[in-house]
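Remember, it's a predicted structure, so these values are computed and weren't measured experimentally. All residue numbers refer to positions in the sequence shown, counting from 1.
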Amino acid sequence: MNNHFYYYNKSDRKSLITLLVLIVSAFTIIYLAGGDEADTNKTQTGVHKSSNHKSYNYASYTPKKVERFVFDPNTADSTQLLRLGLQPWQVKNIYKYRAAGGIYREPLDFAKVYGLTVKQYRELEPYIRISSDYLPASTLVKGRENFSQNVTKDSATYQRPIKIKETEHIVLNTADTTSLVTIPGIGPYYARKIVQYGNRLGGYVSVDQLDEIEDFPTEAKKYLVINNPAPKKLNVNQLSLNELKRHPYINFYRAKAITDYRRLHGAIKSLNDLRLNKDFTPDIIKRLTPYVAY
């Protein structure tokens, strides 16, 4: 074979040698790259195992039954925070925040806890109590510039609404936010939602209408009653499509069905006139009846 090699001319021999060198080099690079990849895989595997080992504490944590009780996020310990349904890593972040000098001055500050969902905050908000010790010192002299008088200790203390007892009730169709926040389980957020939705409806005619508010705490309904409802009426024979669809029970398609009926058949005498329309089911007609006039 060596003898045959010399039968090639000089340029061919050089090309053949160059090709052999390239092939050897390619195999060498592939071998070395494979070794590095294996080392990398080993390292990654080691890190993965280490990561699994480090997260084992969290994986082994068994969530307990969520409880609800009054707490101050500035002083609550880890046991209390875990009982409220917070995750261990969230509790750790709260401790870091407090250790760095962070202070929760109002309930809404607690919403900044990393990973806390809107639903969780809404459920916890009624139970948050911020001690007056953590309020800004400026509250001690608030109003002095305007009224030229000292602010008493009682007026400077942050007051939480006193909750009503189970035997007490509030009239839903006339209640304002001030009275609604006295209901157990209802904070400022849901108090505003109740009033806003009542205004959109034109007034409540049933306590069960509160279930139409997203994530509403149903246990609060037992503290509410309806007394002499007088909802605002919608004249379905006079209002335009855009005016009709503003009501929570009338979407675009129902508003269009009403205006189309008026155009084709004249004035509507009863919602039952629309019962053949697929958008006016018996349930919708029943819900709308207190709010329409002809």
Criterion side-chain contact (heavy atoms from CB on, under 4.5 Å) on Leu274 and Ile285, from CA distance to verdict: CA-CA 9 Å; Leu274 303 166; Ile285 291 175; 5.8 Å; no

Minimum heavy-atom separation for [X] and [Y], please, with both atom names.
| X | Y | result |
| --- | --- | --- |
| Pro290 | Pro231 | O-CG, 3.4 Å |
| His169 | Leu224 | CD2-N, 4.3 Å |
| Pro217 | Gly185 | CG-O, 3.7 Å |
| Lys233 | Val292 | CD-O, 3.7 Å |
| Asp208 | Lys221 | OD1-NZ, 3.0 Å |
| Ile128 | Pro73 | CG2-CD, 3.8 Å |

Taking the side chain as every heavy atom from C-beta outward, state whether [X] and [Y] have any atom pair closer than 4.5 Å.
| X | Y | answer |
| --- | --- | --- |
| Lys245 | Asn251 | no |
| Thr18 | Val21 | no |
| Pro184 | Ile164 | yes |
| Ile194 | Leu172 | yes |
| Ile130 | Asp109 | no |
| Val91 | Pro88 | no |

Would [X] and [Y] show up in the same hydrophobic cluster when neighbours are defined by side-chain heavy atoms closer than 4.5 Å?
| X | Y | value |
| --- | --- | --- |
| Phe280 | Leu234 | yes |
| Val171 | Val205 | no |
| Val118 | Val66 | no |
| Leu241 | Ile284 | no |
| Tyr223 | Tyr190 | yes |

Under 6.0 Å from the [atom1] atom of [X], do we count more than 12 heavy atoms belonging to anything else shown?
| X | atom1 | answer |
| --- | --- | --- |
| Leu20 | CG | yes |
| Glu166 | CD | no |
| Phe69 | CZ | yes |
| Lys112 | NZ | no |

Output yes when a side-chain donor or acceptor of [X] lies under 3.5 Å from a complementary backbone atom of [Y], and no otherwise.
| X | Y | value |
| --- | --- | --- |
| Arg98 | Ile103 | no |
| Asn227 | Asn173 | no |
| Lys193 | Pro188 | no |
| Lys269 | Tyr294 | no |
| Lys163 | Ile183 | yes |

To the nearest 0.5 Å, tell me how far [X] [atom1] sits from [Y] [atom2].
| X | Y | atom1 | atom2 | value |
| --- | --- | --- | --- | --- |
| Arg287 | His247 | CZ | NE2 | 9.5 Å |
| Ile94 | Asn74 | CD1 | CG | 10.5 Å |
| Ser131 | Asp72 | OG | CG | 6.0 Å |
| Thr28 | Ile23 | OG1 | CD1 | 11.5 Å |
| Ile268 | Gln238 | CD1 | CD | 12.0 Å |
| Lys286 | Leu288 | NZ | CG | 13.0 Å |

When the side chains of residues 252-262 are checked against the rest of the protein, which donor-acceptor pairs come out under 3.5 Å, sequence neighbours left out?
from	atom 1	to	atom 2	distance (Å)
Arg254	NE	Asp279	O	2.9
Arg254	NH1	Tyr249	O	3.1
Lys256	NZ	Asp260	OD2	3.0
Thr259	OG1	Ala255	O	3.2
Thr259	OG1	Lys256	O	3.0
Asp260	OD1	Arg263	NH2	3.2
Arg262	NH1	Val236	O	2.5
Arg262	NH1	Leu239	O	2.9
Arg262	NH2	Leu239	O	3.1

Go through it in stages, so that I can follow the logic: the residues are Tyr95 and Asp77, the test is side-chain contact (heavy atoms from CB on, under 4.5 Å), and I'd like the CA-CA distance, side-chain angles, deciding distance and then a yes or no. CA-CA 9 Å; Tyr95 268 68; Asp77 59 27; 3.8 Å; yes

Side chain to side chain contact (heavy atoms under 4.5 Å, CB included) against Lys278, all qualifying residues, sequence neighbours excluded: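 Checked Lys278 against side chain to side chain contact (heavy atoms under 4.5 Å, CB included); zero matches.
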
Sort and list the pairs that fulfil side chain to side chain donor-acceptor pair (under 3.5 Å) and have at least one residue in residues 196-206, not counting sequence neighbours.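 Pairs touching residues 196-206 that pass the test: Tyr197-Glu212.
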
Of Tyr121, Tyr127, Phe71, Tyr97, which meets ring pair (Phe, Tyr, Trp, His ring centres under 6.0 Å) against Phe110?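 With Phe110 as partner, ring pair (Phe, Tyr, Trp, His ring centres under 6.0 Å) holds for just one option, Phe71.
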
Start with the C-alpha gap between Arg68 and Leu124, add the side-chain angles, then the distance that decides, and say whether side-chain contact (heavy atoms from CB on, under 4.5 Å) holds. CA-CA 8 Å; Arg68 291 288 178 259; Leu124 292 172; 3.6 Å; yes

Could you please spell out the steps behind the side-chain contact (heavy atoms from CB on, under 4.5 Å) verdict for Leu81 and Gln90? CA-CA 9 Å; Leu81 294 171; Gln90 290 177 312; over 6 Å; no

Would Ser270 and Asp273 count as a side chain to side chain donor-acceptor pair (under 3.5 Å) here? Give the steps. CA-CA 6 Å; Ser270 168; Asp273 294 343; 5.2 Å; no

